[in-house]
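Below: one structure, written as C-alpha cells.
Reminder, nothing fancy here: chain letters follow the sequence lines and each chain counts from 1. Just so we're clear, the structure is a prediction, and the values are computed from it rather than from any experiment.
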Number of protein chains: 2
Amino acid sequence: MEMLDSPSLACEQHRLLHDIYILLDDGDRQVLDATGLTPLEFAVLQRLHRDQGRRLTDIGTELFCVKSTITRLVDRLEAGGLVRRTPDPDDRRAQRLRLTTRGVLVRDQAIRLHSEAVERRMAVLNNEEQFLLRGLLEKLHSGLR
Amino acid sequence: MEMLDSPSLACEQHRLLHDIYILLDDGDRQVLDATGLTPLEFAVLQRLHRDQGRRLTDIGTELFCVKSTITRLVDRLEAGGLVRRTPDPDDRRAQRLRLTTRGVLVRDQAIRLHSEAVERRMAVLNNEEQFLLRGLLEKLHSGLR
DNA sequence: TATACTTGTTTGCAACTTCAACTATTCTAC
DNA sequence: GTAGAATAGTTGAAGTTGCAAACAAGTATA
C-alpha cells in the first residue's frame, strides 16, 4: 500500500513556511551579494554598534547558532576589516565585538538594500494582511520556543 | 549617527519567518534523528515511490537545491539501502529513483514521527488561526515565486 | 583556599552544500 | 543529417556549519 493520508493542515503550513523561508533566504543572498555579505554575516553586523561592544556568545544565542560558528564568522568579518575584537574589561575570557568605520558603512548599505528588498517582496500582502500575519507569526513563534 | 529607523512591519515579518523556520528545522532534526535522516533526505524520500521512478533533477528543483546536492544525497541514501537508481528507459542521460523495501519502511516511519511532531508544534494555533495562517502563507508563497 | 562546576572562546574534525567544470546524451535548426 | 545548444548527472575543490574537546577564567561550595 503506497497510499498516504492527505497532508494535514499543520503539515501544509509547515511546508509553506519552509518554502517561503527558502525563497526569502535566496532573495536575501542575491541582494546582499552586492555587499559581499552572507545573510548570517549580515545578521551579525545588524546586531553590532561602533561604540558599544557585544560578546560573541550573546550574538550566537540570538542567532540560534553555536559558538564556533560565530568564532569563524567573526574571523572572516575581522579579516575583511568590518569588525574588531577587543578584550572585555569585566571578563577576561570574553571578547567584545565592535564595528569599524568601514563596518558601519557596509552595514548601513546592507540594511538599506535589504529592507528595500524585503518591503518589495512582502508587498504581495496588503497592510491589513501583514498585520494579521504578524500577529499569527508572533503567536506561533512564542509558542515554539 | 547610530540611530536606525525602527524596523518596518515587513522586516519584522521577515525576521519572524526566519526565526520560526530555524525553530521548526531544529525540531525536525531532533525528531528525524531517530530515523537517521536529515530534513533534506526526508524531503527526498517523501517524494519517492516504490514503483514509480523520479528523476534527480526534478526532485532537485522541487526542493530548491542544485543537482550536485541531490547526487550526493542520493549517494548516501543508496549506500544506506533506502533508494535505488535505475536507468531511465526514455532518456539515457537520466536516472530514475525508487524506494527500496527498507526505504518504504523508513520513509513511513519518518512521516509518522514527523507529522505527529508537526501537529504538536503547530497546535499553538487553534484551527481557525491555522486556516487563516495558511491562506496568508499561500498568498505570500505564490507571490514570491 | 582548595575543589569542582560553569562559562566564553577557540580548534580539529567531519558532514553537508554549492560552484564550476566535465561527460554523455538529447534537442533544435539549418 | 549534422553542428551547436541545452539537459541529466557526476566530480573535485572550496566554503560554511556543527559537535566534541580543549583551554582559560570566573563562580560556588565545602
Can we say [X] and [Y] salt-bridge, meaning some charged N sits less than 4.0 Å from an Asp/Glu carboxylate O?
X         : Y         : answer
Glu116(A) : Arg121(A) : no
Arg29(B)  : Asp25(B)  : yes
Arg84(B)  : Glu78(B)  : no

At their closest point, which heavy atom of Gly81(A) faces which heavy atom of Thr100(A), and how far apart are they? O-OG1, 2.7 Å
If you look at every heavy atom in Gln13(A) and Arg134(B), which pair is closest and at what distance? OE1-N, 3.8 Å
Drop me the distance from Ile20(A)'s CD1 to Ile22(A)'s CD1, to the nearest 0.5 angstrom. 11.0 Å
Calculate, to the nearest 0.5 Å, the distance between atoms CZ and CG belonging to Arg76(A) and Leu73(A) respectively. 4.5 Å
Strictly below 4.0 Å: does Arg92(A) bring a side-chain N or O up to OP1 or OP2 of dA24(D)? no
Please work out which of the three classes, parallel, tilted or perpendicular, describes the rings of His114(B) and His14(A), given edges at 30° and 60°. perpendicular
At under 4.0 Å between heavy atoms, which parts of nucleotides 7-14 of chain D does protein reach? Answer with one letter per nucleotide, 5' to 3': B base, S sugar-phosphate only, - none. BSBBBBB-
What is the distance, to the nearest angstrom, from the CG atom on Asp88(A) to the C1' atom on dA24(D)? 14 Å
Nucleic acid contacts of residues 16-40 of chain B, taken as heavy-atom distances under 4.0 Å to DNA chain D: none
